[in-house]
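Everything numeric in this text was worked out from a predicted model, so none of it was measured. Throughout, protein chains are lettered first and strands after them, A, B, ... in sequence-line order, and every chain is numbered starting at 1.
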Protein chains: 2
Amino acid sequence: MLSERIISTGRFANRPLYLQLRDALAERIAGGEWKPNAAIPNESDLAREFGVSAGTMRKALDLMEAERLLTRRQGRGTFVNDQSSDELAARFSNIRGADGKRLCGQVKSSQITEGPANEQECTRLRLRPDERVYRIHRVLQQKGQPFQVEDVTLPAALFPELEDKKVSVTERIIVLAQECGILLGRAEERVSLGAASAGVAQKLAIAPGSPLLVLDRIVLALDGRPIEWRMGWCHLGDRYYLAEMV
Amino acid sequence: MLSERIISTGRFANRPLYLQLRDALAERIAGGEWKPNAAIPNESDLAREFGVSAGTMRKALDLMEAERLLTRRQGRGTFVNDQSSDELAARFSNIRGADGKRLCGQVKSSQITEGPANEQECTRLRLRPDERVYRIHRVLQQKGQPFQVEDVTLPAALFPELEDKKVSVTERIIVLAQECGILLGRAEERVSLGAASAGVAQKLAIAPGSPLLVLDRIVLALDGRPIEWRMGWCHLGDRYYLAEMV
DNA sequence: AAGTGGTCTAGACCACTCA
DNA sequence: GAGTGGTCTAGACCACTTG
């Protein structure tokens with residue numbers, strides 16, 4: 001029950017063994033072999049399977065826990081994280097409600113279209129001009145009150161599942177990504193000031209020209225590929241934006 | 001040359017050995033025994049000194065590198081980070097210039113006062129009502145253009161060095177913290193929308209009522225104590241706010 | 001009691017830097 | 001070539017969870 005040695009034997013690896021192991025295990029998650037919330041084999045079984053020492057396997061698993069792919073619990077086991085869980089799905093949403101909790105707004109309305117990437121989309125998502133994108137326009141609401149209008153652009157090549165859902169997408173984008181075998185890495189968001197255009201004002205039921213927080217976010221996969229570009233126009237009200245820094 | 005065993009022997013520790021080691025080493029940095037930019041002994045010497053295995057000492061050092069206290073370089077050694085370096089000193093400043101670089105604005109003007117903490121300061125800095133604070137009012141500029149007004153509140157007990165400098169503080173607060181033996185942990189910043197009051201507008205040379213980004217930031221020490229509360233009113237111009245998420 | 005992850009040890013060799 | 005951190009191994013025991 002020994003997997004073939006991934007690339008190279010022992011200490012003559014081009015890349016450290018534990019990184020190769022991380023990639024191999026991440027592939028099992030991305031490929032759906034290991035499902036969200038499922039327990040994976042214990043570390044000594046995995047070490048045996050891959051022909052490495054337990055310590056090296058541990059290093060790979062610890063790294064994956066830091067990357068939020070796994071959760072390890074002493075005495076219980078190691079589990080695949082469910083990216084659609086409340087905690088993980090909202091991790092790139094910095095808008096907080098008055099209670100201080102991350103706000104995962106409900107989708108009030110949504111439209112999706114598809115077409116070739118324009119210049120700006122190519123730049124932000126590092127696409128070639130001939131590549132296609134999905135464009136999702138949404139209005140988010142909290143307790144029945146619309147508070148954010150957003151335009152999401154996704155590289156079509158990465159989201160085959162969207163082929164069917166040409167009408168509307170009320171799901172969280174992160175859930176889509178998980179279904180498409182995309183592992184999330186990090187994100188960065190530019191925050192600036194704006195005023196509500198007539199169209200936005202109408203959708204948010206506010207006066208045209210009202211001040212808005214403008215959010216411009218890129219989400220990157222674990223391998224560094226850009227997978228989402230989102231422009232948001234947010235009417236804060238009693239909400240606020242919270243950035244955490246280390 | 002064996003340090004006394006810090007708390008407990010080997011595997012009967014209440015807290016893991018590597019955490020006790022981290023604390024002991026961090027204390028050497030905070031206490032000024034190991035200066036910024038200096039090299040510290042290599043990991044096997046340290047392991048010997050503390051009577052632990054090299055692997056355990058490595059785990060402590062790796063943790064401290066993740067906490068941005070140390071930098072390790074293969075073939076060279078392990079060095080104490082200088083928190084006043086450009087990279088580290090600006091790490092909690094999310095305002096970026098047009099070039100995308102973190103903006104560490106120059107201090108245009110600065111006043112400092114001292115007094116008992118008010119209610120809000122007690123809440124934000126977790127102080128008792130009788131504790132005293134320093135209050136610093138500043139205007140920051142970039143290329144001669146003022147762009148941010150800020151009010152900084154610091155617990156007086158943590159910043160003994162400020163006793164002398166009652167006039168103005170043009171240094172970075174982080175540099176002060178380093179001199180006072182405070183190790184920085186993390187920060188969180190609330191971002192919201194505001195309009196320039198008459199006073200702020202005048203200091204920023206903009207029209208009263210102009211839209212501003214309002215920043216409300218708490219910086220915590222490595223041990224979790226709040227060490228700084230800062231309210232900022234920022235005229236963005238061609239600058240922007242960048243939040244990075246993992 | 002059995003099984004899991006968490007800590008710790010002791011030792012080997014590799015990759016890098018610098019005199 | 002000497003000295004550093006980085007990787008890897010093989011094994012022990014601890015702390016926690018569950019049946």
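A salt bridge does not link B:E188 with B:R190: none of the charged nitrogens is closer than 4.0 Å to a carboxylate oxygen.
Out of C:dA10, D:dG5, C:dT4, the shortest distance to the side chain of B:S53 is found at C:dA10. Side-chain proximity of A:V52 to the nucleotides D:dT9, C:dG6, C:dT17 is greatest for D:dT9. Closest to the side chain of A:Q74, out of D:dA10, D:dC16, C:dC8, is D:dC16.
Within the structure, every side-chain polar atom (N or O) of A:Y18 is placed at least 4.0 Å from both OP1 and OP2 of D:dC8. Put simply, B:T78 has no side-chain N or O that comes within less than 4.0 Å of OP1 or OP2 on D:dT4. Checking the phosphate oxygens (OP1, OP2) of D:dT9, a side-chain nitrogen or oxygen of A:T56 falls inside 4.0 Å. Remark: B:R73 is not in phosphate contact with C:dC16, judged by side-chain N or O atoms under 4.0 Å from OP1 or OP2. Between D:dT7 and A:K59, a contact under 4.0 Å exists linking OP1 or OP2 to a side-chain N or O.
Residue A:S44 is out of contact with every strand shown, counting any heavy-atom pair closer than 4.0 Å.
Closest non-hydrogen pair, B:L215 versus B:Y241, comes out as CD2-CE1, 3.8 Å.
Once rounded to the nearest 0.5 Å, the distance linking CD of B:Q148 with CG of B:L236 reads 9.0 Å.
The CD-P distance, from A:E43 to D:dC16, rounds to 17 Å in whole Å.
Partner A:R22 forms a side chain to side chain contact (heavy atoms under 4.5 Å, CB included) with one of A:K59, A:E27, A:R15 and no other, that one being A:R15.
Residue-to-nucleotide contacts include no donor-acceptor pair under 3.5 Å from the side chain of B:R76 to the base of D:dG3.
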